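This report concerns only the one structure given below.
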There are 2 protein chains.
Amino acid sequence: MVTAAQRGQEVRQRLLRAAAELIVERGWTAVTTRVLAQRAGVAPGLVHYHFTSVQALLVEAAVDAARSLAAQTGPVLAGAHTASEVLTALWGSLDTVSGTDPTSVLFVEAYLAATRDERLRQALGEAIGLFRGQLAERLAAHAVPDPEATAAVLAAAIDGVLLHRALVAGPSGDALAAVLRRLVTPGSEDAR
Amino acid sequence: MVTAAQRGQEVRQRLLRAAAELIVERGWTAVTTRVLAQRAGVAPGLVHYHFTSVQALLVEAAVDAARSLAAQTGPVLAGAHTASEVLTALWGSLDTVSGTDPTSVLFVEAYLAATRDERLRQALGEAIGLFRGQLAERLAAHAVPDPEATAAVLAAAIDGVLLHRALVAGPSGDALAAVLRRLVTPGSEDAR
DNA sequence: ACCCTCCTTGGTCGAATGCCCAAGGCGACT
DNA sequence: AGTCGCCTTGGGCATTCGACCAAGGAGGGT
C-alpha cells in the first residue's frame, strides 16, 4: 500500500508521543527540536517537516491527551447508579495516581502553557467544560443539589489534590474521598 | 550613607522581584540571564555574581513568595469565629483572584518546577503543610469532622479552582463557596 | 592618603537553540 | 521503465543561552 504516507503518519505519531513524554520530563519550554527527534528515533529535520514549529507540536500533543482523557470519562461515570458511586468511580481511577505520574504532570504543564497560548487554552477549556458537564449531569440525575457548582468543585478538587500530592504527603485517598462524599450526600454523616 | 553591601542587597532584591515577574510572564524554564538583568535594571553579569545560577535565583524567588503567602494565612484565619466564617475568610481573599493573576501563575509554575528540583519541592511542601495545619486547627476548633482531611480537600480545591479559572469560565465564586460550605457545615442545607 | 573589600561592568566562551534547505530515497502510479 | 510525489537525511544558518572573567569604581577603616 502507500508505504511513504503511512510511514509519515507513523513518524508523526511517534513525535507526538515523544513530545508528551518530554513535556513531563523537562517542562514545556525546555523541549527542544533535537531531543524530540532523538526520543522519537528520527532525524532532527523531520520535526519541522511534520509540524510548523516545536510549539505547534507540543500543543497538538497536549490537545490529543486532553481529548483522549475526556473520552474516557463518559463510560466511567455512566456505570454509577448512586451519587456516592459517582464519586467512587471518579476517585477510584485517580487513586492509582501519585501526583508525579506522567499524566498529572502533563496536564498541569499544559494548563500553564495554555496561559500563554490561546489555541491551547481554548482546547483545554473545552475538555474541562465537557468533563464538568458530564459530571454535573450524573450528579443532577442523583438529586445532588446545585449540580453544576458541585461538579466544578469536584473537578477542581481532583486537580488540586494531584497538584498537592506531587509536593507533600497528605491524608489517604480514602480519607479525602470520605470528605468529598459530604458534597454529594448532604445531610448524612460519612460512614467511616 | 549607603554602603556597597547595602546596594548589593538592594540589587539582589530587585533581581528576585524581576524573577517572580518573569516566571509568570514567560514560564519557569524560559527565564534567561539577560532578560532578568534587563528587568531588574542591572548588568547581566550581576545575575551570576549574586546567585550561583539562574535556577538558584528562580528557586529563591519562589520560596520567598511561598513563605510570604504562608505568613499571611495565620492572621486571616484567626479572625473567623465559626466554621462558615473560616471558609468565607479563605474564599474572600481568593475571589479577587482571576486564576491568571500573577500570584496564581507563579505558584503553579513553582509547583511544576518543584517536580524537578528537590529543594524547591521541599520548601513548597512545607508551605502547603503549614497552611493545611493552620486550617485544620481552625476547623477542629469549630467541630468540623475529620479536620485534617477536610483541610487538605479545601486547600486542594482552592488551588484547583484557580487552575481551572485560568482556562475556562465557571460558576461564580459565591456558588462554589456555597458548595464548599457543605464540607464544613454537614447536615444543613446551604442558604442560597 | 592608603589599602581592602565588595559591588559592578561589559564583553567573551563554547554549546545549544529553532528553523531551513539542497539532495537523496523509495514505493506507487502510468 | 520511467515519472511523480511524499518522506527523509544531515548539515548549515543566525541567534541566544548560561556561565565566566579581567578590569574598573567606590566607599569604609586605618
Side-chain angles (χ1 to χ4, degrees), chain A residues 1-62 109 113 116-120, chain B residues 1-62 109-110 112-113 116-120:
Chain A
M1 285 301 181
V2 186
T3 313
Q6 268 184 341
R7 284 178 55 84
Q9 289 306 305
E10 160 69 19
V11 166
R12 237 187 97 92
Q13 292 304 315
R14 282 226 303 278
L15 280 171
L16 287 170
R17 277 195 297 270
E21 293 177 17
L22 290 168
I23 289 170
V24 173
E25 294 174 19
R26 301 190 162 216
W28 189 278
T29 55
V31 178
T32 70
T33 309
R34 288 160 181 81
V35 175
L36 273 167
Q38 188 181 14
R39 178 63 59 94
V42 300
L46 277 184
V47 172
H48 286 85
Y49 174 80
H50 288 291
F51 301 91
T52 60
S53 70
V54 171
Q55 172 76 357
L57 166 51
L58 299 183
V59 168
E60 186 165 332
E109 284 282 355
R116 301 177 196 100
D117 186 300
E118 179 53 26
R119 173 168 142 59
L120 181 57
Chain B
M1 64 180 77
V2 179
T3 68
Q6 276 179 333
R7 282 186 294 119
Q9 289 306 305
E10 160 70 18
V11 166
R12 237 186 99 92
Q13 291 305 314
R14 283 227 301 278
L15 281 171
L16 286 170
R17 277 195 296 270
E21 292 176 18
L22 290 167
I23 289 169
V24 174
E25 295 174 18
R26 302 189 163 216
W28 187 279
T29 55
V31 179
T32 69
T33 308
R34 289 157 181 82
V35 176
L36 272 167
Q38 188 181 15
R39 177 64 59 93
V42 300
L46 277 183
V47 172
H48 287 84
Y49 174 80
H50 287 290
F51 300 90
T52 59
S53 70
V54 172
Q55 172 76 359
L57 166 50
L58 299 183
V59 168
E60 187 166 331
E109 283 283 356
L112 271 176
R116 301 175 197 100
D117 186 300
E118 179 53 26
R119 172 167 143 62
L120 181 57

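Just so it is clear, the model here is predicted, and its values are computed rather than measured. Side-chain atoms are counted along with the backbone in the values below, which use heavy atoms only and exclude waters and symmetry mates.
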*Whole Å only: how far is the CZ atom of A/Arg7 from the P atom of C/dG27?*
9 Å

Could you pull out all donor-acceptor pairs under 3.5 Å where a side-chain atom in residues 13-20 of chain A meets a protein atom, sequence neighbours excluded?
residue: A/Arg14; atom: NE; partner: A/Ala40; partner atom: O; Å: 2.8
residue: A/Arg14; atom: NH1; partner: A/Glu10; partner atom: OE2; Å: 3.3
residue: A/Arg14; atom: NH2; partner: A/Ala40; partner atom: O; Å: 3.3

*Using atom NE2 of A/His50 as one end and atom C1' of D/dT9 as the other, report the distance to the nearest whole Å.*
12 Å

*asked:* If the condition is side-chain contact (heavy atoms from CB on, under 4.5 Å), which residues does B/Ala43 pass it with, not counting sequence neighbours?
replied: none

*To the nearest Å, give me how far apart CG (B/Leu46) and C1' (C/dG11) are.*
14 Å

*Among pairs that include at least one residue of residues 34-46 of chain B, which meet side-chain hydrogen bond (donor to acceptor under 3.5 Å, both in side chains), considering only residues two or more places apart or in two chains?*
B/Glu21-B/Arg39, B/Glu25-B/Arg39

_Heavy atoms only, 4.0 Å cut-off, all strands: where does A/Val11 land among base, sugar-phosphate and nothing?_
sugar-phosphate

*Straight-line distance of B/Leu22 CG to B/Glu109 CD, nearest 0.5 Å*: 11.5 Å

*Under 4.0 Å between a side-chain N/O of B/Tyr49 and OP1 or OP2 of C/dT8, yes or no?*
no

_What is the separation between atom CD on B/Gln38 and atom P on C/dT9, rounded to the nearest whole Å?_
14 Å

_Each nucleotide in nucleotides 12-25 of chain C should get exactly one letter: B, S or -. Can you fill that in based on protein heavy atoms under 4.0 Å?_
B----BBBB-----

*Between C/dT9, D/dC7, C/dC7, which nucleotide has the shortest distance from any of its atoms to the side chain of B/Ala43?*
C/dT9

*Find the distance A/Gln6:CD to C/dC26:C1' and express it as a whole number of Å.*
14 Å

*By side-chain hydrogen bond (donor to acceptor under 3.5 Å, both in side chains) - contacts of B/Glu60 (at least two apart)*: B/Arg12

*Contacts of A/Ala30 that satisfy side-chain contact (heavy atoms from CB on, under 4.5 Å) - sequence neighbours left out*: A/Arg26, B/Thr29

